[in-house]
Amino acid sequence: MIPIRDLNPHRSFPVVNLSIILICSFVWLYEVSLSEKELNFFIYHYGLVPANLVERPQTLLTHMFLHGSWLHIIGNMWFLWVFGDNVEDRLGKLKYLLFYILSGLGAAVIQMFVSFIFGGADIPMVGASGAISGVLGAYLWMFPHARILALVPIFFFLTFMELPAVFFIGFWILIQVINGLITLPLSGVGGVAWFAHIGGFVVGYLLAKRLYRRRWY
């Protein structure tokens, strides 16, 4: 399922959310301008390599602004655009920025734990997926009944459907868990950091419960 937009208006301009999108986009454009050798150095220097964390602790933060492909950056930024504005609106600018960073850090810690146990501690992790998963967790807590306009596959066709956030995001996290369990034995060979998605989602949901009192409607 691909979210098109949420039918949940926000009251303030999402300056933090938009700034994150722009920063990630500019960093990606810089990445694609590099040669293969330069890009490899850039990824290993600013991406999060669990085995090198003591030497480069700053990569816990910098890895969130790097991406590995056009599909990676477009998918992440689109989800952030659809869901992040409302979370920022409810939390406020500074609190949302702190929330976003903490969700990304939590996601990274969970993924590193998996990497050290199952292999892959030398593989760089890049992307905002963990932090954005936290945004989805917060959205689920704050707006469980909001409607999401999504492009949904029905057999061999794609159709537009309005789905409750609790269903759309619930299905999304279920897919992350299933993929994480299926690919767990292959964690040492790289690929999608499924447990960063799961960890970020859980951290974001728990943080939102502490930072925001849900309005029942």
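At a threshold of 4.5 Å between side-chain heavy atoms, the hydrophobic network of Ile, Leu, Val, Met, Phe, Trp and Tyr places I2 and M77 in two separate groups. Residues V82 and F160 fall into different hydrophobic clusters, defined by Ile, Leu, Val, Met, Phe, Trp and Tyr side chains chained together at heavy-atom separations under 4.5 Å. Hydrophobic clustering, with ILVMFWY side chains joined whenever heavy atoms are under 4.5 angstrom apart, groups V27 together with L22. Hydrophobic clustering of Ile, Leu, Val, Met, Phe, Trp and Tyr side chains at less than 4.5 Å, counting indirect connections, keeps L7 apart from F167. Transitive grouping of hydrophobic side chains (ILVMFWY, heavy atoms separated by less than 4.5 Å) keeps V49 and F118 in distinct clusters.
No close placement of the F195 and F113 rings is indicated, their centers lying 6.0 Å or farther apart. Ring centers of Y30 and F26: at least 6.0 Å apart, outside the cut-off.
For the atom pair CG of L60 and CG of L105, the computed distance is 6.0 Å after rounding to the nearest 0.5 Å. Between the CZ atom in F143 and the CG atom in N86 there is a gap of 5.0 Å [rounded to 0.5 Å]. Rounded to the nearest 0.5 Å, atoms CD1 (I101) and CE (M64) are 6.5 Å apart. A distance of 8.0 Å separates OG1 of T62 from CG of L48, quoted to the nearest 0.5 Å. Rounded to the nearest 0.5 angstrom, W81 CH2 and I74 CD1 are separated by 15.0 Å. Atom CH2 of W172 and atom CG of L136 lie 5.0 Å apart (nearest 0.5 Å).
In this structure a side-chain-to-backbone donor-acceptor pair under 3.5 Å is present from W141 to Y212. Side chain of N40 to main chain of E36: no donor-acceptor pair is present (N/O by atom type, distance under 3.5 Å, no hydrogens or angles). Listed for the D85 side chain is no donor-acceptor partner under 3.5 Å among the backbone atoms of P14. Side-chain atoms of E88 come within 3.5 Å of backbone atoms of V16 as a donor-acceptor pair (strictly under, hydrogens ignored). With hydrogens and angles ignored, the 3.5 Å screen pairs no side-chain donor or acceptor of D89 with any backbone N or O of H10. Checking side-chain atoms of D6 against main-chain N and O of A146 turns up no donor-acceptor pair under 3.5 Å. Looking only at distances, a side-chain donor or acceptor of H63 sits under 3.5 Å from a matching main-chain atom of T59.
Of the residues N76, L66, I23, I73, the one that meets the side-chain contact (heavy atoms from CB on, under 4.5 Å) test with W28 is I73.
For the pair S133 and H197, the tightest heavy-atom approach, listed with the atom from each and the gap, is CB-O, 3.2 Å. What you find for A107 and G130 is that their closest heavy atoms are CB-CA, 3.4 Å. In this structure, F99 and G204 approach most closely via the heavy-atom pair CE1-O, 3.4 Å. In this structure, G180 and W194 approach most closely via the heavy-atom pair CA-CB, 3.6 Å.
For the 3.5 Å distance criterion, the side chains of Y139 and N8 qualify, holding a donor opposite an acceptor.
The aromatic rings of Y100 and Y96 lie tilted to each other, with the angle between the two planes from 30° to 60°. Classified by interplanar angle (parallel below 30°, tilted 30° to 60°, perpendicular above 60°), the ring pair F41/H45 is parallel.
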